[in-house]
Amino acid sequence: MTTTVLNVSTYSFYLNGEWKESKSGQTIDIVSPYRHDVIGKVQAITKEEVDEAVHAAQKAQKGWAEISLQERAKYLYNWADELVRMQSEIAEIIMKEVGKSLKDARNEVVRTADFIRYTVEEALHMNGESMKGDSFPGGSKSKVAIVERVPLGVVLAIPPFNYPVNLAAAKLAPALISGNAVIFKPATQGAISGIKMIEALHQAGIPQGLVNVVTGRGSVIGDYLVEHKGINMISFTGGTNTGTQLAKKAGMIPLVLELGGKDPGIVCEDADLQEAAKHIISGAFSYSGQRCTAIKRVLVHEKVANELVNILKEEVHKLSVGSPEDGCTIVPLIDSKAADFIQILIADALGKGAEVVTGNKREGNLIYPTLLDDVNDTMRVAWEEPFGPVLPIIRVSSDQEAVDIANESEFGLQASVFTKDINKAFSIANKIEVGSVQINGRTERGPDHFPFIGVKGSGMGAQGIRKSIESMTREKVTVLNLQ
Ligand code: NAP
C-alpha cells in the first residue's frame, strides 16, 4: 500500500502478506542523491513488528518446505515475469533513489529476472547423493546413506544500497527456491526499490508470510534482527565494518558475508595498454566507482607507467559527468558523507606527495573522476576503499612488487592482471590472495552463476547461484540399514 501526500509517497512495509503502516508512527525520508528532494518515505518499524515478521516467516516456511520444488519454481518464474513487466517503473525508482542511470537501472532489473530464472533451473537440477557403507574399511554393504539438502529455515537478507534490487534478489531467490522463508531488510537508501521488487513478488502470488520486508535504519533495528532467535541464516552484503560487527553478534548462525574491496588492476610491462586502460576505466568509474568490485588501485610497471597514465587521462576526459537522468557515468555519490570521505582521501594523498593527473573537483555530492599518480604506501588512498570515482596509481618495479602490494591489503575480493603472457598471468594469479582474478578484463561480479568469493576483509563464504543455494541449505543424511 502506498499513500501520496503533496506528491511524496509513503511506502508500507510488508508483513505476513499485507502492506502495513508501522505502529511506531515514524517514517524515514528517502532523499534522492542528485535531485536532493524527498522521493518517498518508508516505515521505521518497531521491534514488536520485527517479532511479528519473524513469527510469520517461521510459520509460512513449514508449508513452503513441504510443497514440491516444481510448485516453488512456478512462483519464482512468475516473480521474474512480473519484474520484467514492471522494469520501467522499478528502474525509474532505482535511478531516483540511488542515482544510477536509467539504462543501468533497467539492466539491473532484467539481470535480476534472469538471475531468478537461472536460480530456479539450477535448483531443479541439483540432486543429492547416496553412499554405500562398504567403501570404508569394515563397513557393510547393508548400510546406505541418502544425502540430501534441506532448507535452513528463516534467512535474514541484508543488501547494500548500490544494487538494491539485484543484490536483494540474489539472496531471496536461492533462499526461497530451496524452501526457506525470508526476512528482507533493505538498505534504507534503496528501500523503495526493494519494496517495488517485493510488490512484484506479491503480484506473483507468493504465499502469505513467506517473505517479509522490514524497513528501518540498520543502526536501529539491525542488531535486533541479527541477534533474533528466530533467524537461522544471515546473508549480508555491505561494508567491511558493518559486516565485522554483524559477524560478532551473529554467534553460531551460519553467515555469508560479501564485504568491501580494494581490487588492484595490475598492469605488466608487456600489457596491451590501450586495452588495459579501457578495462581499468570502466572498472574504476562505472556508477562513479560505487561497486564492490570496482578497480580501486592500479599497480603499473614503472617502464610503461607514463604511457598508461596518458591513456587513462585521455579516457577519463571522455567520461560523461552529471545527472543519471542524462545517462552519465559519473553521477553524484549516494550522500555528502561519501563525497566528504573521498575528499579526505585525496587531500591526504596530495599532502604526502601524490599528483593530480585530472579531477579533484567537487560540486555537492558530485566528485569529478580523479586520477592520482605517484601514490605510495604511506597514503590512505593506497589502502582504503573510497567507493567513489578516485583511482590511485602506484608505480612498481616488478611483478613481484605488484603482488606484494596487492596482498598487503586488508581486502581480498578480486584483482585484474593485464599481460600478453598467459604464463605470467597465471603465475601472478596464483599468488594473489583474492576470491577471483580476472585476466585481461575488469574486475566484476558475474556472470551471476560464477562463484563470487571475498577473502580476508572482503567476506566469508561464497555466492554465485549454485553456491548461494548451497549456503542456504544444509546436508542431511538418512541412513538405511538393510536387513
Ligand atoms: P553498509 O553501510 O555496510 O550497509 C549495508 C547494509 O547493512 C544496509 O542494508 C544497512 O542498512 C545495513 N546495516 C547497517 N548497520 C547494520 C547493523 N548494525 N546490523 C545489520 N545491518 C546493518 O554498506 P553500503 O554503504 O550500503 O554499501 C557499500 C559497501 O558495500 C561497500 O563497502 C561495498 O564494497 C560493499 N559491497 C560489497 C559487495 C560484495 O559483493 N562484496 C557488493 C556491493 C557492495 P541501512 O542502510 O539502514 O544503514
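Along the sequence shown, the residues carry numbers beginning at 1. Ligands are counted one by one from 1 in listed order, and the atoms in each one are counted from 1 as well.
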Practice problem: Enter the distance from D223:CG to K248:NZ here, rounded to the nearest 0.5 Å. | Solution: 12.0 Å
Quiz item: S323 and R35: side-chain donor and acceptor closer than 3.5 Å?
Solution: no
Quiz item: How close does the nearest protein non-hydrogen atom get to atom 35 (C) of ligand 1, and which residue and atom is it?
Solution: G238 O, 3.2 Å
Self-check item: Parallel, tilted or perpendicular: rings of Y14 and H202 (30°, 60°)
Solution: perpendicular
Quiz item: So is G216 in contact with ligand 1, going by heavy-atom distances below 4.0 Å?
Solution: yes
Quiz item: For residues T237 and K171, is any side-chain donor paired with an opposing acceptor at under 3.5 Å?
Solution: yes
Practice problem: Give the residue, atom name and distance (to 0.1 Å) of the protein heavy atom nearest atom 9 (O) of ligand 1. | Solution: P159 O, 2.8 Å
Self-check item: Taking atom 26 (O) of ligand 1 as the reference point, the nearest protein heavy atom with its distance
Solution: F161 N, 3.2 Å
Exercise. Look at atom 48 (O) of ligand 1 and say which protein heavy atom is nearest, naming residue and atom and giving the distance to 0.1 Å.
Key: G218 N, 3.7 Å
Practice problem: If you have a sec, work out which protein heavy atom is nearest atom 28 (C) of ligand 1 and how many Å separate them, to one decimal? | Solution: F387 CE2, 3.6 Å
Quiz item: Quick one: does Y163 get a heavy atom under 4.0 Å from ligand 1?
Solution: no
Quiz item: Side chain of Q414, backbone of E444: donor and acceptor closer than 3.5 Å?
Solution: yes
Practice problem: Output the list of atoms in ligand 1 that are nearer than 4.0 Å to some heavy atom of L167, sorted by atom number. | Solution: 42 (C), 43 (C)
Quiz item: Taking E385 as the fixed residue, which of K262, R297, K296 is the one that meets the side chain to side chain donor-acceptor pair (under 3.5 Å) rule?
Solution: K296
Quiz prompt | Reported CH2-to-OH distance for the pair W64 and Y75, which is rounded to 0.5 angstrom | solution = 6.5 Å
Exercise. Run the numbers for me: atoms of ligand 1, each under 4.0 Å from some heavy atom of C292, listed by number.
Key: 34 (O), 36 (N), 37 (C), 38 (C), 39 (C), 40 (O), 41 (N), 42 (C), 43 (C), 44 (C)
Practice problem: Just need the protein heavy atom nearest to atom 19 (N) of ligand 1, so name the residue and atom and give the distance. | Solution: G222 CA, 3.3 Å
Quiz item: What's the verdict on side chain to side chain contact (heavy atoms under 4.5 Å, CB included) for D340 and R362, showing C-alpha distance, side-chain angles and the deciding distance?
Solution: CA-CA 10 Å; D340 292 346; R362 174 176 177 179; 2.7 Å; yes
Quiz item: Has R445 got any heavy atom lying under 4.0 angstrom from an atom of ligand 1?
Solution: yes
Quiz prompt | Enumerated ligand 1 atoms positioned under 4.0 Å from heavy atoms of A187 | solution = 8 (C), 9 (O), 46 (O)
Quiz item: Do L156 and H228 have side-chain heavy atoms sitting under 4.5 Å apart?
Solution: no
Self-check item: I158-ligand 1 polar pair, N/O distance under 3.5 Å
Solution: no
Self-check item: Per-atom contacts of ligand 1 with T188, taking only distances under 4.0 Å to non-hydrogen atoms
Solution: 45 (P), 46 (O), 47 (O)
Quiz item: Any chance the side chains of E49 and T46 put a donor and an acceptor closer than 3.5 Å?
Solution: yes
Quiz prompt | Where ligand 1 meets R217 - atom numbers and elements under 4.0 angstrom, heavy-atom basis | solution = 47 (O)
Quiz item: Nearest to atom 32 (O) of ligand 1, what protein heavy atom do you find, and at what distance?
Solution: E385 OE1, 2.7 Å
Quiz item: Taking distance alone, with no angle check, do L246 and ligand 1 share an N/O pair under 3.5 Å?
Solution: no
Self-check item: Greater than 12 external heavy atoms within 6.0 Å of K467's NZ
Solution: no
Practice problem: Look at the aromatic rings of Y118 and H449 and report parallel, tilted or perpendicular, splitting at 30° and 60°. | Solution: tilted
Quiz item: What atoms of ligand 1 come within less than 4.0 Å of a heavy atom belonging to T237?
Solution: 5 (C), 37 (C), 38 (C), 39 (C), 40 (O), 42 (C), 43 (C)
Quiz item: Can you tell me if R111 uses its side chain to pair, donor with acceptor, with the backbone of N166 under 3.5 Å?
Solution: no
Quiz item: Looking at ligand 1, does A338 have a heavy atom less than 4.0 Å from it?
Solution: no
Quiz item: Short question: side chain of S416, backbone of T443 - any donor-acceptor pair under 3.5 Å?
Solution: yes
Quiz prompt | ligand 1 contact on N162 by region, counting heavy-atom pairs under 4.0 Å | solution = side chain
Quiz item: Quick one: which of A170, G260, G454, G239 has a heavy atom closest to atom 29 (C) of ligand 1?
Solution: G239
Self-check item: Distance from atom 3 (O) of ligand 1 to nearest protein heavy atom, with residue and atom
Solution: T242 OG1, 2.6 Å
Quiz item: So is K185 close enough to ligand 1, meaning a heavy atom under 4.0 angstrom away?
Solution: yes
